[in-house]
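Please read the structure below before turning to the comments.
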Protein chains: 4
Amino acid sequence: MREKILESALRLYTSKPPQSISMEEIAKNAGVSKGTIFYYFKNKNNLESELLSYSIEKYFSWIYGEPRDCKTLEKIVRKALKIAKDNPRLTMFWYYVFEKEIFSGNTQFARQLYDEMLEFLTLLLEDMGIDKPEQTAIILMAMLDGISIYSLFIPELDVDEIGNLILEFVKGRCKR
Amino acid sequence: MREKILESALRLYTSKPPQSISMEEIAKNAGVSKGTIFYYFKNKNNLESELLSYSIEKYFSWIYGEPRDCKTLEKIVRKALKIAKDNPRLTMFWYYVFEKEIFSGNTQFARQLYDEMLEFLTLLLEDMGIDKPEQTAIILMAMLDGISIYSLFIPELDVDEIGNLILEFVKGRCKR
Amino acid sequence: MREKILESALRLYTSKPPQSISMEEIAKNAGVSKGTIFYYFKNKNNLESELLSYSIEKYFSWIYGEPRDCKTLEKIVRKALKIAKDNPRLTMFWYYVFEKEIFSGNTQFARQLYDEMLEFLTLLLEDMGIDKPEQTAIILMAMLDGISIYSLFIPELDVDEIGNLILEFVKGRCKR
Amino acid sequence: MREKILESALRLYTSKPPQSISMEEIAKNAGVSKGTIFYYFKNKNNLESELLSYSIEKYFSWIYGEPRDCKTLEKIVRKALKIAKDNPRLTMFWYYVFEKEIFSGNTQFARQLYDEMLEFLTLLLEDMGIDKPEQTAIILMAMLDGISIYSLFIPELDVDEIGNLILEFVKGRCKR
DNA sequence: GATGAATGAGGATTCATTCAT
DNA sequence: GATGAATGAATCCTCATTCAT
């Protein structure tokens with residue numbers, strides 16, 4: 001049931017502005033009563049946080065099973081940009097929850113997701129022989145996040161070309 | 001009076017989560033009545049948008065007067081990171097308004113600010129002899145925006161070091 | 001609960017000027033919370049419309065069960081005038097809602113009530129052998145509505161006498 | 001200036017729902033400031049009442065100069081129905097002000113207009129040899145007012161035909 | 001006479017959340 | 001486990017009116 005609610009909520013949150021979604025609507029959409037939502041999720045904030053984890057997992061968990069090589073790096077960059085391009089509403093939802101959490105002082109949440117990804121990328125870049133792997137990883141992630149945001153309001157953004165430059169940047173930091 | 005309201009609202013918005021600020025509070029803070037706020041600003045959304053423009057102007061308008069050279073580039077990067085680091089609430093406010101506008105379908109707003117900055121940076125990079133100046137400018141901006149967001153939840157982020165890497169990246173794209 | 005709200009709202013609306021009644025007051029009067037009112041009625045307009053139907057039903061639904069003869073006609077005329085005389089606040093409420101709906105372009109509402117009554121009266125007058133029954137019915141209704149309004153500001157209006165003349169008018173249109 | 005305001009307000013009030021008109025709009029429409037409106041009219045209510053008198057005068061004052069005969073009666077009936085038909089917004093405005101005044105307990109206003117017209121019609125009907133001239137006049141006025149209201153939501157109403165019946169009714173009350 | 005900036009009371013509406021069933 | 005009726009705090013916004021200039 002929990003999963004059913006999450007799945008239907010995800011569909012809802014990737015179809016319209018998150019601020020405009022009420023518990024009423026989530027319940028109706030999931031085909032259950034409002035009470036049931038509150039039975040499974042402490043409150044709206046909790047539901048949205050759980051939904052963020054759920055959706056991040058859904059779209060990015062594959063990464064952690066990949067080998068730590070150049071191919072994977074490329075895959076990550078391409079995929080991240082593709083998701084942003086193809087699924088703006090999803091990107092919006094992610095930023096919506098992040099913002100809410102961070103602005104209200106709860107940084108742990110974002111922190112954890114950031115740390116996980118940073119650790120993986122740092123190791124990957126290290127294995128690739130990149131100089132200052134952690135700093136490079138941070139910048140890489142920042143670039144991807146920044147571009148994801150831009151793609152929300154610049155429809156003509158050529159993410160393939162941008163992807164190339166980003167990869168060039170990383171590879172250019174290879175120690176000889 | 002308009003300015004007085006904006007100035008006091010800016011103080012308010014850089015002191016607490018934007019979602020928690022009511023028109024009531026803005027009025028009280030400015031020492032005027034609610035009606036006065038609505039006399040100068042059509043509605044809350046309008047006030048917040050105007051406040052965004054006002055604050056962006058305040059912090060970034062100096063850029064457009066600078067010469068288009070390497071020094072300016074460095075100044076921009078340093079300053080942008082410094083603002084984010086020193087003034088997280090301001091950064092939050094900016095993202096709050098952007099998000100609101102973009103998510104509700106009004107992309108023109110973000111678009112205009114983006115275009116202005118992009119144009120300036122592209123010319124600057126061009127003058128510096130950078131390859132693919134526009135694409136590079138986009139990535140540069142994305143990096144700065146991404147890092148600004150990260151600094152909101154990673155207090156130990158060393159923005160000076162990151163600034164160095166970013167500058168290296170740009171300069172590394174110099175055509176020989 | 002819906003009924004309870006309507007019943008208490010009707011009492012309120014027949015006790016003071018409709019323009020002066022707030023949702024707050026309606027809720028307090030019904031002994032429920034404001035939220036409950038909005039749970040059962042989409043908005044204030046909807047509540048007032050429903051209340052109009054509810055009260056019209058309450059006072060006039062008996063008509064449609066009556067035989068279509070001269071006696072009924074007399075009963076209708078007498079009753080309509082008596083309601084206006086005895087219950088000016090109710091009459092006011094009716095005109096208040098009608099006006100609101102019509103002025104805002106929603107004529108369907110008034111139209112339906114008008115059509116129902118017109119159909120019944122037309123058939124009744126037809127059965128009574130009245131010439132031009134539909135037109136006569138329209139005029140009859142107009143007279144009753146007009147007099148109802150007058151009784152709001154002419155307390156000394158002798159509605160019995162007026163009723164006599166109205167009935168004379170109708171009967172005078174009998175085909176020989 | 002007073003006249004200028006009234007004239008422009010009348011244009012406004014006959015172009016949109018009266019409830020939707022603010023002092024701001026009236027002022028803008030008249031090309032003066034809000035303060036000026038309040039200089040010439042004590043408050044909004046006063047402005048609307050004065051506007052009612054002004055417009056009634058404009059459309060009906062001719063009556064009192066007419067001879068008291070059958071021709072005039074016909075002219076009055078035809079004209080009253082024609083105004084309602086051609087100028088629904090004006091009719092709406094009249095009922096809007098009447099309603100406001102009466103509902104808030106101020107019946108004198110409506111009363112005076114009613115009395116003036118009643119006196120004239122009573123004398124006219126008397127001169128025509130009509131039985132119970134005052135009662136007949138009241139009913140005649142009620143009919144015209146009722147039909148005026150109906151014409152607001154029944155566009156296909158044939159006011160000419162109705163006018164004929166109304167005149168028949170009055171003339172039928174001639175003492176032989 | 002004329003202005004328009006400033007007021008602030010007042011009202012509708014939303015919606016997360018609770019809880020008896 | 002599941003429901004949905006009931007709550008009430010929170011908030012935006014409107015607009016007639018005032019008054020210093």
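Here F:dT7 presents its C1' atom at 14 Å from CD of A:E24, a figure rounded to the nearest Å. One interatomic measurement links the two molecules: CD1 of D:I26 to C1' of F:dT17, which rounds to 13 Å at whole-angstrom precision. Distance A:M23 CE to E:dT18 P: 10 Å, rounded to the nearest Å. C:Q19 has its CD atom 15 Å from the C1' atom of E:dG10, to the nearest Å. In this structure, C:E25 atom CD and E:dG10 atom P are separated by 13 Å, rounded to whole Å. What separates CE of B:M1 from C1' of E:dG4 is a distance of 13 Å, to the nearest Å.
With no hydrogens or angles considered, a side-chain donor-acceptor pair links B:T36 and B:S33 at under 3.5 Å.
Interface residues of residues 27-49 of chain D facing DNA chain E, ordered by number: D:V32, D:S33, D:K34, D:G35, D:T36, D:Y39, D:Y40; criterion, heavy-atom separation under 4.0 Å. Proximity of residues 98-109 of chain A to DNA chain E (heavy atom under 4.0 angstrom from any strand atom) is not detected for any residue.
Heavy-atom contacts from other residues, nucleotides or ligands closer than 6.0 Å to CD of A:Q19 number more than 12.
The residues C:R111 and C:E116 are annotated as not salt-bridged, no charged nitrogen and carboxylate oxygen being separated by less than 4.0 angstrom.
Between C:L113 and D:F153 there is no side-chain heavy-atom pair separated by less than 4.5 Å. Contact annotation: the side chain of C:D145 never approaches that of D:D145 to less than 4.5 Å [non-hydrogen atoms, C-beta and beyond].
Residues forming a ring-ring contact (aromatic ring centres under 6.0 Å, His included) with D:F103 (at least two apart in sequence, or on another chain): none. Legend: residues meeting salt bridge (charged side-chain N to carboxylate O under 4.0 Å, His left out) with D:K34, ordered by chain and number and at least two apart, are D:E24.
Here the separation of F:dT21 from E:dG1, taken at their P atoms, is 22 Å to the nearest Å.
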Using distance only, find each side-chain donor-acceptor pair of residues 46-53 of chain A under 3.5 Å and give its atom names and separation, not counting sequence neighbours.
residue : atom : partner : partner atom : Å
A:N46   : OD1  : A:K42   : N            : 3.3
A:E48   : OE1  : A:Y96   : OH           : 3.3
A:E48   : OE1  : A:K100  : NZ           : 2.3
A:E48   : OE2  : A:Y13   : OH           : 2.5
A:E48   : OE2  : A:Y96   : OH           : 3.1
A:S49   : OG   : A:N45   : O            : 3.1
A:S49   : OG   : A:E101  : OE2          : 3.1
A:E50   : OE1  : A:R2    : NH2          : 2.7
A:S53   : OG   : A:S49   : O            : 3.3

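Judged by distance alone, with hydrogens and angles left aside, the side-chain atoms of D:S20 form a donor-acceptor pair with the main-chain N or O of D:P17 at under 3.5 Å.
Aromatic ring orientation, A:F60 versus A:W94: tilted (interplanar angle from 30° to 60°). Taking the six-membered ring where the residue is Trp, C:F109 and C:F98 present perpendicular rings, their angle passing 60° and hence far from 30°.
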ask   = Would you write out the dot-bracket form of DNA chain E, 5' to 3', with Watson-Crick and G-U pairs under 3.5 Å, [ ] for crossing pairs, | for pairs to other strands and . for unpaired bases?
value = .||||||||||||||||||||

